[in-house]
Amino acid sequence: MSIDTVPAAGATALDATAAVVTRRDIQHRLLMTIGPILAALIIAGCILLAVGVEPLAYYGFVLERGLLSPLGIQQTLTRMAPLLFLAAGLIVAFRAGMWNLGGDGQFLLGAVTAAASAPVFVEVMPAWLALICSFVIAMAVAMLWSLVPALLRAYQGVNEIITTLMMTFLGTSLANVLVKLMFRDPGTTVPQTRTLPVEDRLPRLLDTTITSGLLLGLAAIITVHLVMTRTAFGLKLRIVGANPRAAIHAGLGVPKLTIAVFAISAGLAGLAGAVDILGVQGNVRADWNPAYGLAVIPVVFLARMNGFAAIGFVFLLSVLSIGGESAARRLGVPNHFTLVLVSIVLIVLALAEYIDHRYNQSRRA
């Protein structure tokens, strides 16, 4: 054997070892993700049995309505659009070590301003330009609404969990006030904004009811993932999230980056509200609050803040949401049982992560 073949053989062995390690890592991640979901389904099934509902019948209705029927899958994909924007915004915040829990307030304010501006814009400009202007306004309003928590966190060190939750309460209340007073459609008896005509809303994909907002949401979350993992700006945000003191010593402008994180996260939440209104709803009624922001938080954690994985989990949440609404009507299960199921998944996932962490520590010892 020649001398030249020794390094080649060593490199081949290293490549084989790396492939085995990668394969084991993928299998481990799949087990740590799929395992908690299956365990949560079993636990949720026990809860359904306790209240007198057949679990297999419930899950069957969920799959039939949310995934297997042509109309159901179209509604599922349409529901994904605002959820993808919200997930993208949360990934930016969480990867930067910040808790933007004000998504619902930012979502509603973006939705209300888009609903109020779009019918006015379509009267004086082309529909495509009117939609763009409404999207920009919704994003700007949501960004401004996040400014107070951002400044308090950046310059005073105030915990953003408290401030964003407070701003959510104020934002939802302000959105309802705007619908009932300033933006109310005088031609209706029910308090709501003017309705955007169907022909002026976001175009549909092919001959389906799926709104093109789905493509916008996919583009948003993929862009966020690439920015956070492949760019210098994303690296700076991850450094701030991992160790703010080290970021300061490295010369990073932590206050400015903090404000930027809140602005981007809130802007995406505002776009989520706009895409839901301009693509599906057409208007906002008083006291309307789908609470998508809170529902997406566990999804982002399940995806481990990975944009591509979040797409799959958002799809799962959409299936559960659409299918759960049908199952609730047929079996008498509360509509919010989907949130209960997602919460159980998050708790089981946290327990699995804790057990796995302790097991790895014991092996190293």
Side-chain angles (χ1 to χ4, degrees), residues 10-50 55-56 58-59 62 83 86-88 90-101 159-161 221 224-226 228-230 234-235 237-247 294-317 319-320 337-365:
T12 303
L14 287 174
D15 291 340
T17 303
V20 172
V21 172
T22 302
R23 187 161 54 249
R24 288 178 180 175
D25 184 55
I26 293 174
Q27 293 173 350
H28 179 73
R29 290 186 179 183
L30 287 175
L31 178 63
M32 292 297 295
T33 300
I34 297 175
I37 292 177
L38 294 177
L41 290 176
I42 295 173
I43 295 173
C46 294
I47 295 175
L48 290 172
L49 281 175
L56 293 180
Y58 176 82
Y59 294 140
V62 169
L83 301 181
L86 287 167
L90 289 173
I91 288 173
V92 172
F94 291 164
R95 276 185 172 267
M98 301 172 201
W99 290 77
N100 178 22
L101 302 184
N159 191 313
E160 71 275 11
I161 296 177
I221 198 166
V224 163
H225 178 82
L226 295 178
M228 295 301 295
T229 58
R230 304 292 177 86
L235 177 61
L237 296 185
R238 298 203 308 275
I239 292 174
V240 171
N243 195 328
R245 291 185 178 180
L294 292 177
V296 173
I297 291 175
V299 169
V300 173
F301 279 109
L302 285 172
R304 291 172 174 81
M305 291 168 282
N306 181 288
F308 292 106
I311 295 174
F313 281 105
V314 164
F315 177 73
L316 176 62
L317 177 62
V319 170
L320 292 174
F337 186 76
T338 301
L339 293 179
V340 174
L341 177 58
V342 174
S343 301
I344 294 173
V345 172
L346 184 62
I347 293 172
V348 176
L349 178 68
L351 290 174
E353 291 279 0
Y354 174 75
I355 294 171
D356 182 63
H357 178 67
R358 292 298 298 269
Y359 175 72
N360 290 331
Q361 281 188 329
S362 63
R363 286 186 62 185
R364 295 190 189 101

Do the side chains of I344 and I47 get nearer than 4.5 Å, heavy atoms only? yes
Run the side chain to side chain contact (heavy atoms under 4.5 Å, CB included) check on L302 and L316 step by step: do they pass? CA-CA 11 Å; L302 285 172; L316 176 62; over 6 Å; no
So if I apply the side chain to side chain contact (heavy atoms under 4.5 Å, CB included) rule between L90 and each of I297, L101, V224, which one comes out positive? I297
Here the pair of heavy atoms bringing I91 nearest to A310 is CD1-CB, 4.2 Å
OH/Y58 to CG/L49 distance, rounded to the nearest 0.5 angstrom? 13.5 Å
State the CE-CG distance between M228 and L237, to the nearest 0.5 angstrom. 4.5 Å
Quick one: closest heavy-atom pair of H225 and N306, and the distance? CE1-ND2, 3.4 Å
Kindly give the heavy-atom pair with the smallest separation between Y59 and A44, and that separation in Å. OH-CB, 3.4 Å
For the residue pair I43 and I347, establish whether any side-chain heavy-atom pair is separated by less than 4.5 Å. no
Considering all heavy atoms, the nearest L48-P55 contact: CD1-CA, 4.0 Å
Exercise: identify the closest heavy-atom pair between F94 and V300: CD1-CG1, 3.8 Å
E160 and M98 have their tightest heavy-atom pair at OE2-CA, 3.4 Å
CZ (F315) and CG (L83) are apart, to the nearest 0.5 Å, by 12.5 Å
